[in-house]
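It should be emphasised that the depicted structure is a prediction, and the values quoted were computed from it without experimental measurement. Residue indices begin at 1 and follow the sequence shown.
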Amino acid sequence: TGKSIYLNYVVKQDLRGRLQGPSLAHPFGLDEFGRDMLLRMLWAVRYSLFMGTVAIIISCIFGGLLGAFAGYYGKTADNIIMRIMDILLAIPSMLLAIAIVAALGTSITNVLIAIAISYVPTFARTVRASVLTARSIGCSDWRIIIKYVIPNSMAPIIVQVTLGIAGAILSIAGLSFLGLGIQPPTPEWGAMLSNARSYIRDAWHVTIIPGMGIMLTILALNLVGDGLRDALDPRLKS
């Protein structure tokens, strides 16, 4: 079962085989505690993709609602909401996430909250721009919402979600690398990189493989996001 694999291969230590290089039995080698790197990499995907996706969905919901409210009602509401978003945008997302996790404590829930908050302004501005475009047409409220706001918002939101997941995965890895994210022995790419720094000269695979996992995942998501933007943005169509 999944639980037995996790206990027996992902977190169970076998110091006799520590830092073994890639082989037929262990294609990605063993880490500093004799754990199979391939299984730990695959298990880490579950955490990175799940947490990144959930964090961006939360950001999309709250940021979208705030952006729609600001763009639709305008004036005082728009000024208050967007000035708060400007303040959050002025703070680097990674620095904001570090501050939130440091204040709330290290846990998966707090990491999700930190990443979600750091991406709320992006979605708020995206939805607000679509709403302002629809409002300028001058139709009735329901016609604006159904015919213009929702269709005009979906394309940029889909693209932003895809690109946001890539950024969220990188932020999660960064927090874990600094010791503020997922804690050992739970496998996570950033934590695996952090723990392996001392062995980079003796066992190259313990740092190169998690780093390649992060790079390839983010590259793939960015390519998907760029492809969706090209397909959904009418301004880029010939």
I'd like to check the side-chain contact (heavy atoms from CB on, under 4.5 Å) partners of I100; sequence neighbours left out, ordered by chain and number.
L96, L104, A114, I117
Is F33 isolated, or which residues cluster with it under the ILVMFWY side-chain rule of less than 4.5 Å, directly or via members?
L15
Please answer whether the main-chain N or O of E32 pairs with a side-chain N or O of R18 as donor and acceptor at a distance below 3.5 Å.
yes
Same cluster or not: M82 versus I80, using hydrophobic residues (I, L, V, M, F, W, Y) connected whenever any side-chain heavy atoms lie under 4.5 Å apart?
yes
Would F50 end up clustered with L39 when hydrophobic side chains under 4.5 Å apart are linked, directly or stepwise?
yes
Identify all side-chain donor-acceptor contacts of residues 55-62 below 3.5 Å with residues at least two apart in sequence or on another chain.
from	atom 1	to	atom 2	distance (Å)
S59	OG	A55	O	3.0
S59	OG	A116	O	2.6

In Å, rounded to the nearest 0.5 Å, how long is the span from CD1 of I165 to CD of Q160?
11.0 Å
R40 to W43, cation-pi by 6.0 Å centre distance and 45° axis angle:
no
Decide whether L193 and L219 are clustered together by the hydrophobic rule: side chain heavy atoms of Ile, Leu, Val, Met, Phe, Trp, Tyr closer than 4.5 Å, transitively.
no
Residues that I158 engages under side-chain contact (heavy atoms from CB on, under 4.5 Å), provided they are two or more places apart
M154, L228, L232
I115 and A168 have their tightest heavy-atom pair at CG2-CB, 3.6 Å
Just distance, no hydrogens or angles: give the donor-acceptor pairs under 3.5 Å from side chains in residues 202-209, sequence neighbours left out.
from	atom 1	to	atom 2	distance (Å)
H205	NE2	Q20	O	2.9
H205	NE2	L30	O	2.8
T207	OG1	W204	O	3.1

Indicate yes or no for a side-chain donor-acceptor contact from S48 to the backbone of V45 under 3.5 Å, with no hydrogens or angles considered.
no
Which heavy-atom pair separates G64 from F123 by the least distance, and what is that distance?
N-CB, 4.3 Å
Applying side-chain contact (heavy atoms from CB on, under 4.5 Å) to P121 and not counting sequence neighbours gives M85, L88, L89
Pairs in or reaching into residues 103-112: which pass side-chain hydrogen bond (donor to acceptor under 3.5 Å, both in side chains), with residues at least two apart or in two chains?
S107-N110
Other members of the hydrophobic cluster containing L24, with the 4.5 Å side-chain heavy-atom rule, please.
none
Under the salt bridge (Lys or Arg N to Asp or Glu O under 4.0 Å) rule, collect the residues that match up with R16, sequence neighbours excluded.
D14
Between A77 and A70, the two heavy atoms sitting closest are O-CB, 4.5 Å
Are L66 and I91 connected into the same hydrophobic cluster when the rule is that any two of I, L, V, M, F, W, Y join if their side-chain heavy atoms are below 4.5 Å apart?
yes
Pairs under 3.5 angstrom only: tabulate donor-acceptor contacts from the side chains of residues 176-185 to other protein residues two or more places apart or in another chain.
from	atom 1	to	atom 2	distance (Å)
S176	OG	I172	O	3.1
S176	OG	I182	N	3.2
S176	OG	E188	OE1	3.1
Q183	NE2	G179	O	3.1
Q183	NE2	G181	O	2.8

Which distance, rounded to the nearest 0.5 Å, do you find between the CD1 of I157 and the OG1 of T126?
7.0 Å
State which residues pass side-chain contact (heavy atoms from CB on, under 4.5 Å) with N79; sequence neighbours excluded, sorted by chain then number.
R83
Of all residues at least two apart in sequence or in a different chain, which pass the ring pair (Phe, Tyr, Trp, His ring centres under 6.0 Å) check with F28?
none
Nearest atoms (heavy-atom pairs only) where P27 meets P22:
O-CB, 3.1 Å
